[in-house]
Amino acid sequence: MLGKLVKHEWKAITKPLAIMHIALILMAIIGKVLLNIEVLKKADYVWGALLMLYILAVITLEIGTQIYLAVRFYKNMYTDEGYLSFTLPVKSWEHILSKTFISAVWTLIDIAVVILSILILVMYKGMGTEFIEGFLGVLTELSEAGISVVWFMIRLIINGVLYLIALPLTYYFSISIGQLFNSHKMLASVITYFITINVIQVIGTVVSTIMMVNTTYADDVITDSGMKGFYNGILDMGMIGNLITCVGFWLVVNYIMNKRLNLE
Amino acid sequence: MSCLIETRGLNKKFKNKMALGDVNLQLERGRIIGLLGPNGSGKSTLIKIINGLMVPTSGEVLINGQKPGVETKKIISYLPERTYLNEWMRVRELLDYFCDFYEDFRRDRAEVMLKNLNISMDDKLKTMSKGTKEKVQLILVMSREAQLYILDEPIGGVDPAARDYILKTIIGNYNENATVLLSTHLISDIENILDEVIFLQYGQIRFHASVDDIRMKEGKSIDQLFREVYRC
Amino acid sequence: MAWTLNADRPIYTQLVEKIQKDIVSGIYKAGDKIPPVRELATEAAVNPNTMQKALVELERMGLLYTQRTSGRFVTEDGEMINKLKNEMASEQIKIFLENMKQLGYDTEETISIIKELDKEEEE
């Protein structure tokens, strides 16, 4: 059943999202073409205007995609469509998992498309080699500072994945909490969302500040071994924090769906 | 465990309202049962609880001897009062969807009924009239070989021809292992197809009896009786 | 077309009457096979259990009989059908005469009116 939910979730959201993203790529291609026209190359304001337009497009796409994913969840679970979703012979956690998974996948695609479009616009000869050299340089610095490269990469990936999962789960959490109210459910969801992300940010800042202030780190921030400790610490704290919030959100959404569902 | 649905001391309380109070029911298989009552009588609450869409405050409900959950959802085919399908989907995609999630879905049966109504596989729900949309939902629900069909206001707001079609579909689909629970206001239209009726008022069962018994005892139709019982 | 049924009498007795009428009027002749329960119920727009109850009653009366694998048939007993036909006719006539009496006509007068109307029909 989980596979089927994933399949149908993908089917339901891919077309509109794909259209939006292909549009961005097209914009990048057109931009690149325009930029290569000799006449236009001389005019600085052309660059500026295109850049602004492009940035606007990217921002719209990013926000639009995330809003679309959040609204999709709300519509499919807590409006009339919820009457179908919740009477399917599947458990609530399967709904949450399938939607979280597809949202994460699409966010990843989204990021990849944006990167691709940037590359299309600014790609120049030798950029590839420069980039790889730069990246290897960072890795060398890290290993010289005594930080295990492999661990660093693994942590980076894990954090990335957790970020992709935490993003939709935060919406699902906020939307579900909003459902507990008798009126103004949407408003409650939005407010919950803002409160939640602020609380998380505050906690994150507090924790890292504590770590900074902690003498073991403070003195050595400048030294190599301190850097290692700091980096490791921050990454670990972040990872654990993300994990805890993800699990917490999951449990709350699951509970609300199982015990506090009240479709109108 | 011969009866299909059994509720024991079912209670549902909202903040300031007792939606269902001590509901005790036993519904057998092979019946077409009417769930009648005015707005706010607890009909939709009862239906939601049976479907697992809501949790009771106390008491329990058993469907085929089991609590509401994945197993009961497999054998219940529910038609809610609203359009619960994604309006952007084409008919063909809806059939795929139902085939995927419901083992008891008979695609061929649905295709025949849709064809008889001249509904094409490529039509999107969005382009259909209200009546056609309702028929599509009904066809999807009735094409499952479920043990319990719950139809919430299936004939409200449709023209008489559609209403006849819907009623005939319900009768034609009958089998003695399954039960149909019909919730409605429009009693006179469906009275003839009911075996028994349950009257709900203020969250409690006023009575539960067979249609013919009532007619024999009271000398009037269910519709007339209903008007008297609920005259305030 | 759903059968016309009275709202305040039990449905199954009305179904029994309707099928009796169909049999005596020849719509179902002696020995004819009648449609299966579900089909009849759909045509009449009534509950299949109620239709079944009516058919069982008709079987009890001897008007129908079931053959295990082939279905339900009207009895071959022409005499029984005729007897029923006469009974139903008498019933109708009794009701009619009672209604006429309430209008102030006795049996004799009623018969003359019928003869008059019949003559007019032929002209």
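From a predicted model like this one, the values you see are computed outputs, not experimental measurements. Below, chain A is the first sequence line, B the second, and so on; all start at residue 1.
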Stepwise side-chain contact (heavy atoms from CB on, under 4.5 Å) check, B:Phe101 with A:Leu5:
CA-CA 9 Å; B:Phe101 288 104; A:Leu5 284 174; 3.6 Å; yes

May I ask you to check whether over 12 heavy atoms, not counting those of B:His185, lie within 6.0 Å of atom NE2?
yes

Quick one: closest heavy-atom pair of A:His8 and B:Asp100, and the distance?
NE2-OD2, 2.8 Å

Whether over 12 other heavy atoms sit under 6.0 Å from A:Lys91 NZ:
no

Please flag which part of B:Val70 lies under 4.5 Å from any non-hydrogen atom of chain A: side chain, backbone, both or neither.
both

Just to be sure I understand the criterion: a residue of residues 105-130 of chain B counts if one of its heavy atoms is under 4.5 Å from a heavy atom of chain A. Which ones qualify?
none

Check whether any side-chain N or O of B:Lys48 sits under 3.5 Å from a backbone N or O of A:Leu263 as a donor-acceptor pair, and report yes or no.
yes

Indicate the atoms forming the closest heavy-atom contact of B:Phe14 with A:Asn262, along with that distance.
CE2-ND2, 4.0 Å

Top contributor to chain B contacts, counting heavy-atom pairs under 4.5 Å, from A:Thr79, A:Leu261, A:Thr87:
A:Thr87

Taking OH in A:Tyr54 as the centre, count heavy atoms belonging to other residues, nucleotides or ligands within less than 6.0 Å. Is the count above 12?
yes

Within the supplied structure, the quantity of interest is the number of heavy atoms (other residues, nucleotides, ligands) at a distance under 6.0 Å from A:Lys11 NZ; does it exceed 12?
yes

At a 4.5 Å cut-off on heavy atoms, which part of A:Asn76 comes close to chain B: side chain, backbone, both, or neither?
neither

Least distance between heavy atoms, B:Lys73 atom then A:Pro89 atom:
CB-CA, 3.9 Å

Taking only heavy atoms into account, what residues of residues 75-89 of chain B are found under 4.5 Å from chain A?
B:Tyr78, B:Pro80, B:Arg82, B:Thr83, B:Tyr84, B:Leu85, B:Asn86

